[in-house]
Amino acid sequence: MGLGVAHRGSTAQAGDTLTSARDKAHDARQLLRDGTDPLDAKEQRREALREAEATTRAQKARERWTLARCARDYHERTIEPTKTAKHAAQWIASLENHMPASVWHKPIADIEAPELLEALGQVKPHERARRHTGDTMPETLQRMRQRLDAVFEDAIFHRRCTSNPAAAIRRKMREALPRKQAGQFAALAYREAPALLARVRAVEGIAARCLEFAVLTAARTGEALGATWAEIDLQAGAWVVPAERMKAKEPHTVYLSPRALEVLAAVRGLHKDWVFPSPMLNGKPLSNMAMLKALERLGVRDQTTVHGLCRATFSTWANETGAARPDVIEACLAHEESNRVRAAYNRADFATERRALLMAWAEYLARPAAEVVPLKAA
């Protein structure tokens, strides 16, 4: 076996090299006397050094991949390319703004389920955001848990951690959080909708027209605000929302009632692209607060949210009055089929029934408000 390099640049170097070689030879002979091959011992030392270096590198990588970094990496690769800019911003902001720093900046491999559950228990959504969105503590926490679930699954796939505590705490969160009560998200009773729509029709402004259009079409807020003239066929009386703007990522056809077409005629020509352009933001659609402000000006902000008025009120009316079959109602709302097997085989479009349902909804909203006669107590 080799005993090292022979340095012969000077007498002192040569002497040191010879002394070192004799020491190494002595140690090697001692190993042989003990029954150990010195070459095997040398290789074992090298292997131990390699393992130590690998462990050090893994430790540094583990410390580098914090929950925050993993979440932002997943957001950049997966969420931003597939979601709208607004939804993508809300997605990462919900975690960045609410997760406690002690967990958010901790190595993702070190986070355990009890610790994550405790961290989510400390989340307190901003009161102003809660008022404007109608969001509640349980809803906020459930969304955060779902997003963390996706982050941990992605980290497991990329070998940054080995377990998913966000999945482990799912049942514990359901047990701890208060059960959601009916009506928690404010929605106007459908019997009161005709009177409110009459007031909306009397209000001037793009926001009021957008709100009425959203109610008539049972559309989500973002779908109505982002509507473009390229999506609307006035002759066919149809509005086709492209897949990239839909929650279920599938194109959705909305059949327009005569009143919905009148609303479109009223805003025709305001902008070459946007159906409901912002009067304040040149070249952009209305902001997501525009319809909410319209409700506030009508004095009904404490009675309903925009989402509740446009979708929950319509759904309640259609189901309680038997205006259409449940499948047709769900199709009008563009709800994703929860039964995956059924969804794979159900290709029914219900075009005729959906058009008839939205026509009936528009006719119902156009009814004169029923007179309410107060009854005196005996």
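Computed from heavy atoms alone, side chains included, the values below leave out hydrogens, waters and symmetry copies.
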Notebook entry, point to check: Hey, mind stepping through Glu244 and Lys249 against salt bridge (charged side-chain N to carboxylate O under 4.0 Å, His left out) and telling me if it holds?
Noted result: CA-CA 6 Å; Glu244 60 269 20; Lys249 297 304 176 186; over 6 Å; no

Check: Linking I/L/V/M/F/W/Y whenever their side-chain heavy atoms sit closer than 4.5 Å, directly or via other members, would Trp104 and Ile111 fall into one cluster?
Finding: yes

Next item on the list: State whether the side chain of His335 and the backbone N or O of Ala331 hold a donor-acceptor pair below 3.5 Å, judged by distance alone.
Entry: no

Note to self: Working to the nearest 0.5 angstrom, can you tell me the gap between Arg245 CZ and Thr84 OG1?
What the structure shows: 9.5 Å

Next item on the list: Using a strict 4.0 Å threshold on nitrogen-to-oxygen distance, state whether Arg259 and Glu212 make a salt bridge.
Entry: yes

Next item on the list: Would you sort out whether His75 and Trp91 count as a side-chain contact (heavy atoms from CB on, under 4.5 Å), showing the intermediate values?
Entry: CA-CA 8 Å; His75 177 261; Trp91 194 99; 3.6 Å; yes

Check: Would you say Asp34's side chain and Thr36's backbone share a donor-acceptor pair under 3.5 angstrom?
Finding: no

Item checked: Ser257 (side chain) donor-acceptor with Leu358 (main chain) under 3.5 angstrom -> no

Item checked: Validation row: Met144, Met99 side chains within 4.5 angstrom (heavy atoms) -> yes

Margin query: Checking the side chain of Asp149 only, and the main-chain atoms of Arg145 only, is there a donor and an acceptor separated by less than 3.5 Å?
Written below: no

Item checked: N/O donor-acceptor pair under 3.5 Å between Asn97 side chain and Ala93 backbone -> yes

Margin query: Can you tell me how far apart CG (Leu31) and CG (Asp40) are? Round to the nearest 0.5 Å.
Written below: 10.0 Å

Notebook entry, point to check: Any side-chain heavy atom of Phe314 within less than 4.5 Å of one from Cys332?
Noted result: yes

Margin query: Using a 3.5 Å distance criterion without hydrogens, assess whether the side chain of Gln13 forms a donor-acceptor pair with backbone atoms of Gly9.
Written below: yes

Item checked: Arg50 bridged to Glu43 by N-O distance under 4.0 Å -> yes

Check: Should we count CZ of Arg77 as having more than 12 external heavy atoms under 6.0 Å?
Finding: yes

Check: Salt bridge check: are Lys106 and Glu115 linked by an N-O gap of less than 4.0 Å?
Finding: yes

Notebook entry, point to check: Taking C-beta and beyond as the side chain, do Arg311 and Leu333 meet within less than 4.5 Å on heavy atoms?
Noted result: yes

Notebook entry, point to check: Tell me, do Pro107 and Trp65 make a side-chain contact under 4.5 Å, heavy atoms counted?
Noted result: no

Notebook entry, point to check: If you measure only the distance, is there a donor-acceptor pair under 3.5 Å linking the side chains of Asn319 and Ser315?
Noted result: yes

Notebook entry, point to check: Are Phe276 and Phe213 close enough that their ring centres sit under 6.0 Å apart?
Noted result: yes

Notebook entry, point to check: Can you say whether the rings of His271 and Trp274 are parallel (under 30°), tilted (30 to 60°) or perpendicular (over 60°)?
Noted result: tilted

Note to self: Under a 3.5 Å cutoff, is there a donor and acceptor pairing between the side chains of Gln30 and Arg33?
What the structure shows: yes

Check: Can you check whether Thr313 reaches Val215 side chain to side chain, under 4.5 Å on heavy atoms?
Finding: no

Checklist line | Beyond-backbone contact of Asp154 with Cys70, side-chain heavy atoms, under 4.5 angstrom | finding: no

Checklist line | Backbone N/O of Thr78 and side chain of Thr82: donor-acceptor pair under 3.5 Å | finding: yes

Note to self: Within 45 degrees of the ring normal and closer than 6.0 Å to the centroid, is that where the cationic atom of Arg191 sits relative to Trp317?
What the structure shows: no

